[in-house]
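Here the structure comes first, spelled out in C-alpha cells, and everything after it is commentary.
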There are 2 protein chains.
Amino acid sequence: MQQIGFMLSTGKFDNLRAFYKQILPNMTEDSWMIIENVLHVRTVKKGDFVVREGNVCDYVSFMNYGLVSMYYLVNGKERIISFCNEHNYISDYQSFLTRNPALTFIEALEDTEIVDISYADLQMLYQKVPEANIIGRLIAEQVFLQMSEGSTAEAKETILERYTNLINKHPWLLQRVPQYMIASSLGITPEALSRIKSRVAKQRRVKSISGLT
Amino acid sequence: MQQIGFMLSTGKFDNLRAFYKQILPNMTEDSWMIIENVLHVRTVKKGDFVVREGNVCDYVSFMNYGLVSMYYLVNGKERIISFCNEHNYISDYQSFLTRNPALTFIEALEDTEIVDISYADLQMLYQKVPEANIIGRLIAEQVFLQMSEGSTAEAKETILERYTNLINKHPWLLQRVPQYMIASSLGITPEALSRIKSRVAKQRRVKSISGLT
DNA sequence: TATAAATCTTAACCCAGATCAATGAAAAAT
DNA sequence: ATTTTTCATTGATCTGGGTTAAGATTTATA
C-alpha cells in the first residue's frame with residue numbers, strides 16, 4: 001500500500017514543481033505538499049481529447065510530455081488556435097474561468113501526459129495557500145501574453161511573416177505537425193500555404209539567377 | 001493646504017473603490033488606504049493619447065469617464081482592437097507586463113479621466129497587500145477573457161454576425177463612435193461595412209415584398 | 001444660415017485566398 | 001513488397017473584401 005506513495009513520488013510532478021520553484025523560489029515545503037495533494041496525472045492517447053466543445057473545461061493542465069492542438073470547429077472544419085507541447089500549461093481557460101461550455105477542442109497529436117488541477121481545488125488553494133494567488137496571477141498573465149502575441153501577429157504581419165516567425169520560434173513544429181495543420185493555425189488553407197511557399201522559392205531562384213544573392 | 005487633502009477625497013477614487021469592494025467585500029480599510037496612496041488621477045483630452053506605440057506602458061488605468069480606442073498602426077492605417085469606456089480597466093497590458101515598448105496606441109475619443117496605478121507601485125502592492133495579488137489575478141483574468149472573446153468572435157462568426165453582436169452588446173457605440181471606426185474594429189474597411197449593411201437591408205426588403213415576413 | 005469638414009454610400013475594378021478537382025509523393029498498414 | 005491512406009502540390013475558377021474615386025449626407029463652425 002505504501003508503494004502507492006512511492007509511486008506518486010517517482011517524478012510525475014517534478015516538472016511542475018521545478019516550474020513553481022522557478023516562479024516562487026521561497027515557497028515552503030508545506031505549501032508545496034498542499035498543492036501536490038490536489039494534482040492528478042492523466043494520460044491522453046494520440047487522437048483523444050483533453051477538452052471537448054460543449055463540456056466545461058474543469059482543469060488547468062501542465063504538459064509533462066506530448067503535443068496537443070487547440071482548435072475551433074467552424075462549419076465542420078478545424079480552425080487551429082495554437083499548439084502546446086511539454087512544459088507548458090494547457091486549458092480552455094475561457095471555459096475554465098467562466099464555467100461555460102468550452103467552444104474549443106484540445107486534441108492530443110501525440111501520446112501525452114498532463115498534470116491536472118481542478119477548478120474547485122484551485123479555488124481551495126487560493127483560500128489556503130497564499131502563494132497560490134501569485135501562481136494564479138502569473139498563469140493568467142502568461143496565458144494572456146500567449147494569446148496576445150497571437151493577435152498581434154495576426155494584426156501586424158503578413159501570412160508569410162507569420163509562417164517564418166512561427167517556424168523560427170518553434171522549429172520542432174515542422175517535425176511533429178503536418179503542414180495542413182500549420183496552415184490552419186495561420187488561418188489559411190493548405191493549398192494557400194503551399195502556393196505561398198512555392199512563390200517564395202521561385203522568387204529566390206530568380207534572384208540567384210540574376211546574381212542578386 | 002489641507003484643502004488638497006479634501007480635494008483628493010472628492011470622489012475621484014469612488015468608482016474604483018466600489019469596483020474593489022465588489023471584488024473583495026472584506027478588504028480592510030488599511031489595505032485600501034495603502035492602495036489609495038499610489039493612485040493618481042489623469043485627464044486626457046479628446047485626441048490625446050493614454051499610450052503611444054514605442055513607449056513602455058507604465059500604467060494600468062481605471063476609466064472614471066470617457067471613451068478610448070486601442071489600435072495598431074499597420075501601413076499607416078489604424079486597425080482598432082477595442083474600445084473601452086467608463087468603469088473598465090485600460091492598459092497595453094502586454095507592454096505593461098513585459099516592460100517592452102507598446103505596439104499599440106490608446107487614444108481618447110472623448111475627454112477622459114482615468115485612475116493610474118504604476119507598474120512599480122503595483123509590484124509594491126503585491127508585496128505589501130496580500131489582497132493585491134487577488135486583484136492582480138482578477139484583472140489578468142478579466143483582461144484575458146476580454147481578448148479571448150474577441151478572438152473567439154473573429155474565428156467563429158461572420159463579419160455580419162460580429163457587427164450585430166457588437167451593436168447589441170454595446171449599443172452606445174453607435175452614438176459615440178463613427179462607423180468607420182466600428183468597421184476598423186471588425187477588421188474591414190468602411191466601404192465593406194457599408195456594403196454589408198446595404199446587402200442586409202436589400203434582402204429584408206425582398207423578403208417582406210415576397211411576404212416572408 | 002452658409003460654408004467647410006467629416007463621414008457615409010455607391011460603383012468599377014483588382015487581388016489574395018477559397019473552393020473544387022486532379023495528380024504525385026510519402027507514410028502506414030497489410 | 002504492395003496496397004491504402006494520408007499529405008502536398010498545382011491548376012482553374014470564384015468570391016469577399018480592398019482600392020480608388022465620385023457623390024451624398026451629416027456635423028461643425030463661422
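In the text below, chain A, chain B and the rest are named by the order of the sequence lines, each starting its count at 1. Computed from a prediction, not measured in an experiment: that's the story for all the values here. Hydrogens, waters and symmetry mates are skipped; everything else that's a heavy atom, side chains included, is used.
Per the geometry, OH belonging to B:Tyr180 stands 14 Å off P belonging to D:dT27, to the nearest Å. B:Gln175 has its CD atom 15 Å from the P atom of D:dT26, to the nearest Å. With rounding to whole Å, B:Ile188 atom CD1 is found 7 Å from D:dG17 atom P. Going from atom NZ of A:Lys197 over to atom P of D:dT10 covers 10 Å, rounded to whole Å. To the nearest angstrom, C1' of C:dA6 lies 15 Å from CG of B:Leu109. At whole-Å resolution of the value, NZ in A:Lys46 and C1' in C:dA28 are 10 Å apart. Between B:Leu186 atom CG and D:dG18 atom P the separation is 11 Å, expressed in whole Å. The CD-P distance, from A:Glu78 to D:dC7, rounds to 11 Å in whole Å.
Of the two residues contacting DNA chain C, namely A:Ile159 and A:Glu191, the nearest-nucleotide position lying further toward the 5' end is that of A:Ile159.
For A:Phe19 and A:Phe62, the distance between ring centers is under 6.0 angstrom. Taking the six-membered ring for Trp and the full ring otherwise, the centers of A:Tyr119 and A:Phe96 sit less than 6.0 Å from each other.
Looking at heavy-atom distances under 4.0 Å, A:Leu193 makes no contact with the nucleic acid at all. At a threshold of 4.0 angstrom between heavy atoms, the contacts of A:Pro190 with the nucleic acid are absent.
Ring orientation note: the planes of A:Phe105 and A:Tyr71 are close to parallel, at an angle under 30° on the 30°/60° scale.
The side chain of B:Thr189 lies closest to D:dG18 when the candidates are C:dT10, D:dG18, C:dC8. The side chain of A:Ser194 lies closest to D:dT10, out of D:dG18, C:dT9, D:dT10. Listed candidates were D:dG17, C:dG17, D:dA8. Nearest to the side chain of A:Ile196 is C:dG17.
The shortest non-hydrogen separation linking B:Val74 to A:Ala155 is CG2-O, 3.6 Å. Here the closest heavy-atom approach between residue B:Val56 and residue B:Arg99 is recorded as CG2-O, 3.5 Å.
B:Arg195 contributes a side-chain N or O that forms a donor-acceptor pair with the base of D:dG18 under 3.5 Å.
Between A:Gln179 and D:dT6, a side-chain N or O to OP1/OP2 separation shorter than 4.0 Å is absent.
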